[in-house]
Amino acid sequence: MPKDTNTESKEEMLVGAALSTATRASRRTVVRAATLTEMWVKKPSNTTRTKSTTIAEIIPSKKLQDQNTDDSPNELSRLQKSAVTQAVLDSLEIDTMGETWLKALSPEFKKPYFLQLKKFLLTESASHVVFPSVENIYSWSRLTPLDEVKVVILGQDPYHDVGQAHGLSFSVLPPTKPPGSLRNIYKQLETDFPSFKAPKTGYGTLFKYGSAVLTIYASDLSPIAKQGVLWLNTSLTVRAHKAGSHARKGWETFTSQVIRAVLKREMGEQQGVVFMAWGLPAQKTFSSIGIDEKKHLLLKSAHPSPLSAHRGFLGNGHFKKANEWLEKKYGKDAVIDWTVLSAK
């Protein structure tokens, strides 16, 4: 049957109006929702408005209804939700990516693979819950600026259960207990640094840092990331409860460029970094990119997963070796305090 051109024009007008208003709102800020899907189902809180905009402010419902009152509420709602999601995704990098990374990676954002990736995320978020939250997809870029990277640790895709992923590989949101891979990372830290005591829960403990008293969460690796450790996944998003669901959608190409940005830094003698390749996928990624081992330290072992850690991760000494290499190359001030998460 021939297409109804009047219907098509009507839908284009509705989407255009919604997208125009939503884009302006999105560029002012990122909607702080637990997931893209929850932007439509979770009522915004009136108490957390530091840099956020409520959904009511973004969705131009009255304007759209005034333009065409014949459309069904369900169809109108669908178009509005699609427009808002697209607006948030369109400005995601500008709104949430760390400045140093944004400058280095901006050429990627207009490449066909990245535009296709955004289309996939738009479709995926319309019918599934996607982790991590929109403001945490690029959290690694804010916690570890490009010019401060000393160590790169490559994971695969984010944890896919509720309350886990927040943008750093192997790290989970408090109060989630450390998962199996993170527990094995802690076991190796205990071996490399006898003063380190593996935390057992995801709840916070008080930690005195100079004159400040901080709350350190045992399952959140942000304090280590802030010291120059880039906890990067090859895929930056995942469908809830479905591991590997966003693999081969474009993220691998993008995160390879993240690694290349580290390799291309113009920092003189400070350019060399430590790369930790845990498991065959990470080793293949680094091999395909090409790591100059005369300039950088590449450490390889099995993955810390409970299924493989006994095959070579436990006992690999990577954290101690990294510090020894950093100290020899750059001095004592360059070493990482891996014990910052130690149980008190």
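By the rule that hydrophobic residues join a cluster once side-chain heavy atoms approach within less than 4.5 Å of another member, Leu280 and Trp278 end up as members of separate clusters. In terms of hydrophobic clustering, with Ile, Leu, Val, Met, Phe, Trp and Tyr side chains grouped at heavy-atom distances under 4.5 Å, Val335 and Val149 are assigned to different clusters. The cluster map of Ile, Leu, Val, Met, Phe, Trp and Tyr, joined by side-chain heavy atoms under 4.5 Å apart, puts Ile289 and Phe254 in the same cluster. Both Tyr113 and Leu122 are part of a single hydrophobic cluster, where members link through side-chain heavy atoms under 4.5 Å apart. By the criterion of side-chain heavy atoms lying less than 4.5 angstrom apart, applied directly or through intervening Ile, Leu, Val, Met, Phe, Trp or Tyr residues, Leu115 is not grouped with Met97; the two fall into different hydrophobic clusters.
Applying the salt bridge (charged side-chain N to carboxylate O under 4.0 Å, His left out) rule to pairs touching residues 105-122 yields Glu93-Lys118, Glu108-Lys111, sequence neighbours excluded. Under the salt bridge (charged side-chain N to carboxylate O under 4.0 Å, His left out) criterion, the residue pairs touching residues 230-244 are Glu124-Arg239, with sequence neighbours excluded.
In this structure, Ile137 CD1 and His166 NE2 are separated by 14.0 Å, a value rounded to the nearest 0.5 Å. Here Lys150 contributes atom NZ and Asn323 contributes atom CG; the two are 9.0 Å apart, rounded to the nearest 0.5 Å. In this structure, CG on Asn233 lies 8.5 Å from CG on Leu168, to the nearest 0.5 angstrom. Distance check: Leu143 CG to Leu230 CG gives 10.0 Å after rounding to the nearest 0.5 Å. Expressed to the nearest 0.5 Å, how far NZ of Lys197 lies from CG of Leu189 amounts to 12.5 Å.
A side-chain contact (heavy atoms from CB on, under 4.5 Å) with Pro304 is found for one member of Leu314, Asn316, Ile185 and no other, namely Ile185.
For the residue pair Asn184 and Ala309, the shortest heavy atom distance occurs at ND2-CB, 3.5 Å. Contact record, Pro145 with Thr100: CA-OG1, 3.6 Å, taken as the closest heavy-atom pair. The nearest pair of heavy atoms linking Gly272 to Trp325 is C-CH2, 3.7 Å. Ala302 and Ser308 make their closest contact through CB-O, 3.5 Å (heavy atoms, listed as atom of the first residue, atom of the second, distance).
Here the side chain of Gln116 pairs no donor or acceptor atom with the backbone of Gly250 at under 3.5 angstrom. In this structure a side-chain-to-backbone donor-acceptor pair under 3.5 Å is present from Arg183 to Pro178.
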The test is side chain to side chain donor-acceptor pair (under 3.5 Å); show your working for Ser222 and Asp220 and say whether it passes. CA-CA 6 Å; Ser222 296; Asp220 181 357; 2.7 Å; yes
Apply side chain to side chain contact (heavy atoms under 4.5 Å, CB included) to Thr285 and Thr234, showing your working. CA-CA 9 Å; Thr285 297; Thr234 51; 4.2 Å; yes
Please assess Asp192 against Trp338 for the test side chain to side chain contact (heavy atoms under 4.5 Å, CB included), listing each intermediate value before the final yes or no. CA-CA 10 Å; Asp192 285 357; Trp338 300 98; over 6 Å; no
Tell me, with the steps shown, if Trp251 and Thr237 meet side chain to side chain donor-acceptor pair (under 3.5 Å). CA-CA 8 Å; Trp251 279 130; Thr237 56; 2.8 Å; yes
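By the 30° and 60° cut-offs, the orientation of the rings of His296 relative to Phe275 is perpendicular. The aromatic rings of Phe131 and His241 sit perpendicular to each other, their planes meeting at more than 60°, with 30° as the lower class boundary. Aromatic ring orientation, His246 versus Phe120: perpendicular (interplanar angle above 60°, classes split at 30° and 60°). Note on ring orientation: taking the six-membered ring where Trp is involved, the planes of Phe313 and Phe319 are perpendicular (angle over 60°, cut-offs 30° and 60°).
By the side-chain contact (heavy atoms from CB on, under 4.5 Å) test, Gln164 pairs with Tyr159, Asp161, Val172, Thr176, sequence neighbours left out.
Counting only N and O atoms by type, the side chains of Ser235 and Asp157 include no donor and acceptor under 3.5 Å apart.
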